[in-house]
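Here is how names work: the chains are called A, B, and so on, in the same order as the sequence lines, proteins then strands, and each is numbered from 1.
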Amino acid sequence: MNSEARASSARWLICVLVALTSVMATHAADQEPTWRSIENMSAEDRSLYDPSRSTPRDGSIPYIPAEPYPFEAPYTSEEMGYRSAEFAHVSRWSATLIDVFGVVTSSGYINQGASILLAATPGRQGLAGYIHDTTPGEVYTRWTFYDTFPPESEGAQQLWTPFRTDKDFRTKMDYFIYSPQLRRVRRQPEPRRDQRFPDNSQTFDDVIGRDPWELEWQLLGTDVLFETLRFPITRPTITLNVPGQGFVERQTANLKPMGDNFEHYGPDGGIKCWVIKATMKPNWLPGYKERNLVLWLEQTTFYPLRIEKYGHDGRLMLIEERMGKKENPTLGDFGYAAFGSVYWNLDHDLVSYSFHDAHNIRNWTEEQADMLFTAEFMRRQWLFEPIKSQTRIDSPDKFFLRSHLYSDKFPSDRNVALPAEIDARYRAQETAGHLIFETGGDAAPQ
Amino acid sequence: MKAATTTSKVGLVLLLSALIVAHSAFAGTVGNMFSKFDRTMATFDPIGKHIRQPIERAIPRLQFRGFFRQWTDVLVDRHGDTGFRNQDFRFLQLQNLFELETNYHITEGLDVKGVAHMLYDGAYDWQDSDGLFADDFDRTAEIYHTGERVLRELYVSYRRPRFDLKVGKQQVAWGKMDGQFIDIVSGMDRRESVQLETEDYEWRRLPTWMANTTFHFGRTSVQLLYIFDFEEDRQALPDSPWASPLAPTTTTDILLPARRPRTGHFSDHEYGIRVDRSAGALTYGFIYMYAWDKNPVDHILDTPLVGGERVLRIEPRHERLHHAGITADYATTFQNIPVVGSLPTVFRVEALYTNGVRFADSKKRAAARAGSTTNGTSKRDTLRAAFASEFGLPGRTTVIFQASWYQTLDHKESLGAGFGGGFGDEWSFIPVAFFSRPFAFTRDRLSVEFTAFPLINGPDTGWGGLKTKLRLSYKFSQFIKGNVSYNGYDTGDSNDVYGQYNKWDNFGAELSYEF
């Protein structure tokens, strides 16, 4: 092809691209936004919402609503917040699972771990048991973790015993570790609630959950989400450990945000959500680093599919996106648990994930409960229930994508402006379909 | 003049601009290099991929893991003749440690575990020194060449919900504190002398053959030890890098081999019991052990005349000891603390009382040399204890204060060193301060630690010197990490515990790969 022909072809290509872009832009403009403020909510949604900001309080626990949990429609913003608190990162029932987690930095440094979790929640399970059946200062659940990856951490163990807390009793948990290198069980200071774990995006409160009475709740409106955490195009399949079935390979494109059996997907696969703002109460959380959260709650279960954290200066600090799954069907809408979660820390462009593989509900015998959930048990170096997982990521380019920004949604309550460098990587990622690292915008998989 | 000034300014601006552009380009290039390096390192696990995983796939009941670790410590300067030492060397250690660990799961509750390791220290071969030749009379200083050192652990474990039994060669660590207070069960290779740290105990402890059983009753556990083997402490050998400059290398006295407890003698075996209990925010425990002093004390057998001079015929002996100890910890979170807000805190306490510690007695030794009949030792009881406070501060910062106390009861000035007692004095006090935090700008891959160990003795010797340690650690990947450190010994007199090593300030570097 001569130079004139090449130039002619290039001109045609540019024209086609411009035309296509115009058509797409016009189509996008025609599309109705998925989000609606309270004023623009549908009549059906309005009928489910009670705008009351001040409701009667409980006689014995003055900081919770008088209406018995789990409440009935129409729901106030506060009641929606309480319902969402049902779904902390670790489910509120006795179970075993393997938590596979990891982080990737903007340079592509990757650090992963795997830890087998044994959880024992005696008595009534769920948030109701936490609120009503335990008194402040009382242990409400016990978790032991046994690390199986990386090699440096193999055999390291932790015991968490979270307490029911209120304004007078604020210690969140007793915390013990067993270090194979020291061969010692040591009691540790509890992690600071608003501080991210080393080498991770998650804070302690992201794991253990915040008490709903520590926050001021305000409905912003509704939205429809089509996807939450996103696999890259470089990871078309994932192998899951399904109890009773063993290792099962799944197409990542077919994994749905609320699991396969969720009944309320729209015809287009969308999930209707309440969008709610939660502001930290300074008298409950003095000196807390985070000012407020914005949560997308699935409308029927109030399961939080997306949580944004904002600092006191209004900056977006972190986006958490979840993939839920009904792991405890006997609890109905309350039986959902976090199957996969991705956390994007925007201050450091740090993306971390946590996958709860091989989730299995357990009824511990008295003997097992007495044995497994004590600090001294860790000294026995006993991997009581070996659980394997193949969900770990092989290489940095197969890591989960940075979360959607949705910069057009609820602009008066959300500031999603990014530093230029991170914004460039985010945009390049959206084009490439996989994470882009600090390589000058190279969009090719590394 | 004005034109010249303007030209200079323009030149300066152009130069600065060029530097900024060059710097940006360089920073970008370096950033790209680091990014590519990080992504390459992320999956660099050759032994894990090509050896561990295939073995574990082939033998599902077998767990297989290990590590390679390289430590290098180099003196800031060499000082030639120092006390009784010729410090003509720079490298204190060039140690390479390779360890393999296997665990075979036979059936539910029944496992066999084996750990083997190999150490080679190039400090003797890879530098030219007349002052280092400990490897000539004990090759273990340079390389682990005996089955005893290579086979680190080998035991069968049997576990039931309320009962554990482990029989075989193993190491046992008691206590919760940094340092050794009730951690008295296993001997220790102390070749690094004062530079031995708590984090090194795992590799330096000397496992022994024993039966180790624990009964579990809810929140209470009772551990019983029956130890039929004996491993004494290995101190820094004469003419090794950390041999004390205070120790004379020659003597006219007759030194016999140490008399040590024998495995075949039932009466020489050791016994221990440990009881632990947790009660809410408080956990506590008690220990008792009928054991041997892991360091022999010189006993004078007689004082023959050799060449007309009276010399001492000395036999080092291990002494039977009764140890009784306590350990406890308590957690709380203080609220509304200025600047930091809430302050998660843990308090730990540990104490060990030891009955019947044998001390070398310089006064009796002098009397023996003058013709009196005495074995040159005195018996005393000792108490060592520590109280620690650990604080979780903002920024993932940890601060620990630990006050450690060592007391010889009924002390007299002529006593030498003895288990658990003051260091050459009635009491010794070490108020340790520790600080650590990761750096967020490195995404927590880089962290710094600083520890200060000031030593105060009383009532006679007073200030005993200061040991400081500054360490920077970096995670290259989830399999490889490294650190560099500086260890300083300052301000003590040349005959103090830390002061004797005033000329041993050193830099260290460590690289480890775990698979």
Side-chain angles (χ1 to χ4, degrees), chain A residues 103-113 149-152 154 170-172 174-176 180-193 195-200 286-288 347-348 350 367-368 370-371 374-377 379-380 382 386 394-397 437-440 442 446, chain B residues 28 31-32 34-36 38-39 41-43 48 65 67 159 161-162 164 171-173 175-176 198-199 201-202 214 216 218-219 221 276 278 280-281 283 329-333 335-336 341-342 344-346 348 390-392 394-396 398 438 440 443-445 447 475 477-479 481 514-515:
Chain A
V103 67
V104 69
T105 66
S106 53
S107 69
Y109 161 76
I110 191 170
N111 193 36
Q112 296 184 88
F149 188 84
E152 176 196 14
E154 269 185 61
R170 291 173 183 263
T171 301
K172 291 299 282 185
D174 268 343
Y175 177 36
F176 297 86
Q181 283 76 33
L182 294 177
R183 297 203 182 220
R184 288 174 181 177
V185 174
R186 289 181 73 156
R187 186 192 286 274
Q188 295 293 110
E190 64 170 341
R192 301 178 72 84
R193 296 184 57 180
Q195 182 169 280
R196 67 180 173 82
F197 289 110
D199 226 353
N200 208 312
Y288 205 72
D347 288 338
H348 302 290
L350 208 57
E367 184 180 58
Q368 287 170 333
D370 282 349
M371 175 182 74
T374 64
E376 283 308 306
F377 176 74
R379 203 151 53 88
R380 303 172 75 176
W382 188 356
D394 294 338
S395 62
D397 66 283
F437 302 107
E438 293 167 351
T439 55
D442 180 4
Q446 302 295 319
Chain B
N32 286 348
F34 272 125
S35 184
K36 284 174 181 163
D38 275 345
R39 277 173 282 154
M41 292 299 290
T43 52
R65 58 182 297 223
F67 66 80
R159 296 188 182 96
R162 300 199 181 280
D164 284 343
Q171 56 170 306
V172 171
K176 307 166 190 295
T198 303
E199 68 209 31
Y201 291 173
E202 173 67 13
T214 309
H216 301 270
R219 305 260 170 262
S221 66
D276 283 284
S278 60
T283 52
D329 55 32
Y330 177 79
T332 189
T333 298
Q335 303 293 341
N336 304 317
S342 64
T345 305
V346 166
R348 303 186 187 99
E390 179 171 348
F391 305 100
R396 291 169 295 288
T398 300
R443 314 301 181 255
D444 301 334
R445 296 167 69 183
S447 60
K475 284 185 186 173
S477 76
Q478 53 199 339
F479 306 104
K481 62 184 179 181
E514 300 204 29
F515 53 89

Heavy-atom donor-acceptor pair, E438(A) side chain to S35(B) backbone, under 3.5 Å: no
Please answer whether the main-chain N or O of G392(B) pairs with a side-chain N or O of R192(A) as donor and acceptor at a distance below 3.5 Å. yes
Counting heavy-atom pairs under 4.5 Å with chain A, which one of P394(B), A42(B), G341(B) comes out on top? P394(B)
Test applied, salt bridge (Lys or Arg N to Asp or Glu O under 4.0 Å); reference residue, D199(A); option that passes from R443(B), K475(B), K481(B), R396(B): K475(B)
Can you measure from CE (M371(A)) to NE2 (H216(B)) and round to the nearest 0.5 angstrom? 9.0 Å
Name the region of L350(A), side chain, backbone, both or neither, that has any atom closer than 4.5 Å to a heavy atom of chain B. side chain
Hey, which of G218(B), A173(B), A331(B) has the most heavy atom pairs under 4.5 Å with chain A? A331(B)
So what's closer than 4.5 Å to chain B heavy atoms on P386(A): side chain, backbone, both or neither? neither
Based on non-hydrogen pairs under 4.5 Å, which of T43(B), V172(B), T283(B), D329(B) is most in contact with chain A? D329(B)
So what's closer than 4.5 Å to chain A heavy atoms on S342(B): side chain, backbone, both or neither? both
Which region of D347(A), side chain (C-beta onward) or backbone (N, CA, C, O), has a non-hydrogen atom less than 4.5 Å from a non-hydrogen atom of chain B, or is it both or neither? neither
Comparing S447(B), S278(B), G395(B) against chain A, the one with the most heavy-atom pairs below 4.5 Å turns out to be G395(B)
Is F67(B) in contact with chain A via its backbone, its side chain, both, or neither, using a 4.5 Å heavy-atom distance? neither
State the OH-CE distance between Y109(A) and M41(B), to the nearest 0.5 angstrom. 10.5 Å
Least distance between heavy atoms, P344(B) atom then P189(A) atom: O-CB, 3.6 Å
Best-contacting candidate, D370(A), T374(A), N111(A), against chain B by heavy atom pairs under 4.5 angstrom: N111(A)
Interface residue of largest heavy-atom contact number with chain B, from V185(A), I110(A), D394(A), L182(A), under 4.5 Å: I110(A)
Counting heavy-atom pairs closer than 4.5 Å to chain B, which one of G108(A), P191(A), A375(A), S106(A) comes out on top? G108(A)
Of the backbone (N, CA, C, O) and the side chain (C-beta and beyond), which part of R196(A) lies under 4.5 Å from a heavy atom of chain B, both, or neither? both
Leading residue by heavy atom contact count with chain A [cutoff under 4.5 Å; candidates E199(B), E202(B), R159(B)]: R159(B)
Distance in Å, Y201(B) OH paired with R183(A) CZ, rounded so as to fall on 0.5 Å steps: 15.0 Å
Measuring only between side-chain heavy atoms, which start at C-beta, is F479(B) closer than 4.5 Å to P151(A)? yes
Can you say whether P286(A) sits under 4.5 Å from chain B via the side chain, the backbone, both, or neither, judging by heavy atoms? side chain
Please walk me through it: do R379(A) and S221(B) pass side chain to side chain contact (heavy atoms under 4.5 Å, CB included)? CA-CA 11 Å; R379(A) 203 151 53 88; S221(B) 66; 3.8 Å; yes
With a 4.5 angstrom heavy-atom cut-off, which part of F149(A) approaches chain B: side chain, backbone, both or neither? side chain
Salt bridge check: are E390(B) and R187(A) linked by an N-O gap of less than 4.0 Å? no
Gap separating the OG1 atom of T105(A) from the CG atom of D444(B), nearest 0.5 angstrom: 11.0 Å
Per side chain to side chain contact (heavy atoms under 4.5 Å, CB included), E190(A) is matched among T345(B), V346(B), T333(B) by T333(B)
Which region of F176(A), side chain (C-beta onward) or backbone (N, CA, C, O), has a non-hydrogen atom less than 4.5 Å from a non-hydrogen atom of chain B, or is it both or neither? side chain
Using non-hydrogen atoms only, which part of F515(B) is less than 4.5 Å away from chain A: side chain, backbone, both, or neither? backbone
How far apart are the closest heavy atoms of R445(B) and S107(A), and which atoms are they? NH1-OG, 4.0 Å
When rounded to the nearest 0.5 Å, the distance separating OG1 of T214(B) from CZ of F377(A) is 12.5 Å
Measure distances from Q368(A) to the heavy atoms of chain B and classify the residue's part below 4.5 Å as side chain, backbone, both or neither. neither
